[in-house]
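Read the structure below first, then the notes.
Every number for a ligand or one of its atoms is a count from 1 in the order of the listing.
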Amino acid sequence: MSESGFLQNVRVVLVGTSHPGNIGASARAMKNMGLSQLVLVNPLEFPSDQAVWRAVGAADLLENARVVSSLDEAVEDCTLVIGTSARGRRIPWPVFEPRRCAEVIASEPAGSAIAVVFGGEKMGLSNEDLHRCNYHLTIPVNPEYSSLNLGAAVQVVCYELRMKQLELLQSEPAAEMDGWDSEFCRADQMEHFYEHLEQTMIDVDFHDPENPRQLMTRLRRLFSRTRLDKMELSILRGILTNTQRNASINKATNQPAKPRGKRKDK
Ligand code: SAH
């Protein structure tokens, strides 16, 4: 494994940062720990002298930072997306603390693109952003005062990643998922899958988009936990396509739907 190892595959995504100083502080924290890819989603002010001033010797990360207009764009090629949050949410996701999270990241197949996503200073990540993540990360701080400064949160996460990297450099075990027979799906492929799934559920009258409740959120959580590979995704997309085709034939010929759970004997 090279000196940079898996750290070079981990990008830090800052969503809607209000204070450019925090962007600089994050860049500094990253470079100190050996990370280099910074992506900014709709920063309030960037480029900025304040960011450069706070980055000190890490101004090169700011120069190379990618600025995009949506989280989807920031993570579209990632197979693992981790969202950070100080608070639990209404529909809980699997939550790791930074050390466990570094283990999960280090177990990804070599060369996988991985994102750790941080929210803005005022509101943190929205539920919609968090639902685009496979797992959530919470730094277990004092429950009476749980929100860290953004740069400090980036520092803690990057530090744990570095510690894991140093441990691996000493022992060099094979990553858990190395040698898997199909690549994991990218975030943009999962988004297309969710659109297809939702449309199919509408087509078969299972889902009412006027009254969505938490159906899509719960299904997103299910598949986020599972981590689909490309072969599995292609099977599911095939099932959805055939389901849609049969539903439209049934509707066209006005056949009543078959009762649920009854199978024809062969
Ligand atoms: N007021 C916001 C917190 C914003 S802090 C809220 O209550 O959600 C800015 C960002 O720093 C957060 O979106 C998150 O990415 C990170 N952060 C702050 N404290 C954290 C913690 N205890 N665990 C994980 N991430 C944290």
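For R100, the salt bridge (charged side-chain N to carboxylate O under 4.0 Å, His left out) test picks out E103, with sequence neighbours left out. Not counting sequence neighbours, the partners of R186 by the salt bridge (charged side-chain N to carboxylate O under 4.0 Å, His left out) test are D188.
The aromatic rings of H131 and W93 sit parallel to each other, their planes meeting at less than 30°, with 60° as the upper class boundary.
For residues 54-71, the salt bridge (charged side-chain N to carboxylate O under 4.0 Å, His left out) pairs, not counting sequence neighbours, are K31-D60.
For a heavy-atom separation below 4.0 Å, the residues in contact with ligand 1 are T84, S85, A86, R87, F118, G119, G120, E121, K122, M123, G124, L125, L137, T138, I139, V141, S146, S147, L148, L150, A153.
Residues Q244 and H196 bring a donor and an acceptor atom of their side chains to less than 3.5 Å of each other.
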ask   = Passes side chain to side chain contact (heavy atoms under 4.5 Å, CB included), V41 versus E73? Steps please.
value = CA-CA 9 Å; V41 181; E73 209 181 319; over 6 Å; no
